[in-house]
Amino acid sequence: MTTGPPDTHDPAGTARTAHGSPDPAARLDRIPVVTRSHRRWIGLLGFLFVFDLVDLNSFAYAAPALRSEWGLSIGGVGAITSAGFVGMFVGAIVGGRLSDRFGRRPVLIGAVFFYSLFSLLSAFAPGPWSLGVLRVLTGVGLQAMTGVLLVWVSEMFPRALRGRYQSLLLAIGLAGVPIAAWVARLVVPLGPGAWRWVFVVGALGAIGGVVALRTLPESVRWRTAHGRPLDDREEALISRLEHEARERTGAELPEPVSESPVSRGSVSELLRGAMLRRTVVASGACVFLILSFYGFSSWVPTLLVERGYTTAESLTFTSVLAIAAVPGALLAMPVIDRFERRSVILVLQVLVAVLLLLFGLIDHPVTILVCGFGAAMFMQTGVATLYTYIAEVFPLHLRGLGSGIANGSGRLAGVVGGLLVAALYSGLGMAAVYIYLAVAALLLGLVMALFGERTTNRRLEDIERA
């Protein structure tokens, strides 16, 4: 690996390389608006996120048909759901570490092709065991892509707007939830085997992967942190972003200013001192997020059938609830860069806990629809806020791995969560399931409010140095 010269600083504090050109990270941070290039990236990454979330939710919507066709028990549904989380745990850790070592771009794009392949193969699964194995492998690619994608956005978008555009990106991607729901609603009732088409749709993310190969650049922050001098194309990219920002604002940009670079440490840095606290808090928040969020969304179709609704009625309900995903993420945009992330998460999770209790304990169709829609919407607002936070609190050289550990902890909890919902329902009944989900949601809010870092509108390097 070619090692570039160390950074130097002029008396005014402007970050410059030894060749006299301003520090790329400081040049990115002085851009005050989202440019045409940023918007094109949002369109591409949103497309990738759409099919990530189609695939992530595909089994939940196919599960009622599989119960009938394969004779799956509630426990069998829980086992396959948990299998996907095993894969996502591996993908979060491995994908994050690989992105720290080899770059954000190759890992992100490679993960897209990986999950698309195994989603397509899931459509040909002959039975529960093979489908479970394929869902493990699909989960590896899904979570590797999600984690690295969010890190890439945090490193390449303006600091005062990165939360807002993380939310917009998630909102675009969350269109995949109603897409998966409505595809299932249309094709699953057609007859035996029709559920397989849900997984075929999930594989269409590979189209975006092909486009990304030609158009998505490497993270500039990652390259400079690894001592790799920018080539002519990357220098031209930053110059283009600056030019587009000048065109949009009609004014000159401020001088690029930064402090001295933060020194790189080892992987063990995540497990000691202040960074250990950040790792534990982010991981704990992800654990409670997955237990409440996926405990709700993954089980709603099956548990509605258990409450006496037909498969078609259940899928109709869940298709309506799935629509809440997009406005939920968009709801984060006015508040995520205005108020502290940890405070926003606490308020949201209190609302979610109340709505989950009402959804589970009052057996009336209108109540189920209204409370379920509200819970799903505010959950997605919380997801957008938490995902933005996690991509901010770790040092750049360990951001992929740190985010991977946090997200992976949540996915590992999802393995237990899928089995726990099945056990609670079988042993204690429906009410116990929704009390458990509400408690998990509330604990997420409390962990963030009591122990989370202040990150809103702060430079990534300042958060790292704190």
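The structure presented is a predicted model; accordingly, all values stated were derived computationally and were not measured.
Around the CZ atom of Arg101, the shell of radius 6.0 Å holds no more than 12 heavy atoms that belong to other residues, nucleotides or ligands. Arg454 CZ: 12 or fewer foreign heavy atoms inside a 6.0 Å radius.
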Validation: residues 115-127 side-chain donor-acceptor distances under 3.5 Å, sequence neighbours left out:
unit_1 : atom_1 : unit_2 : atom_2 : d
Tyr115 : OH     : Leu48  : O      : 3.3
Tyr115 : OH     : Asp52  : N      : 3.2
Ser116 : OG     : Val112 : O      : 2.8
Ser116 : OG     : Ala206 : N      : 3.2
Ser119 : OG     : Asp55  : OD2    : 2.8
Ser119 : OG     : Phe199 : O      : 2.7
Ser122 : OG     : Phe118 : O      : 2.8

For residues 147-154, which side-chain donor-acceptor pairs fall under 3.5 Å, sequence neighbours excluded?
unit_1 : atom_1 : unit_2 : atom_2 : d
Trp152 : NE1    : Pro217 : O      : 3.1
Ser154 : OG     : Val151 : O      : 2.7
Ser154 : OG     : Ala391 : O      : 3.4

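Under the salt bridge (charged side-chain N to carboxylate O under 4.0 Å, His left out) criterion, Arg162 pairs with Glu392, sequence neighbours left out. Residues that satisfy the salt bridge (charged side-chain N to carboxylate O under 4.0 Å, His left out) test with Arg223, not counting sequence neighbours, are Glu234. For Glu247, the salt bridge (charged side-chain N to carboxylate O under 4.0 Å, His left out) partners two or more places apart in sequence, or in a different chain, are Arg36. Residues satisfying the ring pair (Phe, Tyr, Trp, His ring centres under 6.0 Å) criterion with Phe113, sequence neighbours excluded, are absent altogether. Judged as a ring pair (Phe, Tyr, Trp, His ring centres under 6.0 Å), and not counting sequence neighbours, the contacts of Trp70 are Trp195. The side chain to side chain contact (heavy atoms under 4.5 Å, CB included) check on Val90 picks up Val94, Val140, with sequence neighbours excluded. Applying the ring pair (Phe, Tyr, Trp, His ring centres under 6.0 Å) criterion to Tyr436, with sequence neighbours excluded, gives no partner residue. Taking the ring pair (Phe, Tyr, Trp, His ring centres under 6.0 Å) definition, one finds that Tyr165 meets it with nothing, sequence neighbours left out. Residues passing the side chain to side chain contact (heavy atoms under 4.5 Å, CB included) test with Leu330, sequence neighbours excluded: Leu168, Ala171, Val326, Met333. Here Arg240 pairs with Ser37 under the side-chain hydrogen bond (donor to acceptor under 3.5 Å, both in side chains) rule; sequence neighbours left out.
Taking each heavy atom of Asp100 and Leu396 in turn, the nearest pair found is OD1-O, 3.9 Å. Of all heavy-atom pairs spanning Val107 and Gly95, the tightest one is CG1-O, 3.6 Å. Nearest heavy atoms, Tyr434 versus Leu357: O-CD2, 3.9 Å.
Screening Val347, Leu356, Val383, Val352 for a side-chain contact (heavy atoms from CB on, under 4.5 Å) with Phe378, the sole residue that qualifies is Val352.
Contact annotation: the side chain of Arg342 never approaches that of Phe451 to less than 4.5 Å [non-hydrogen atoms, C-beta and beyond].
Side-chain N or O atoms of Arg399 include one that pairs as donor or acceptor with a backbone N or O of Phe394 at under 3.5 Å.
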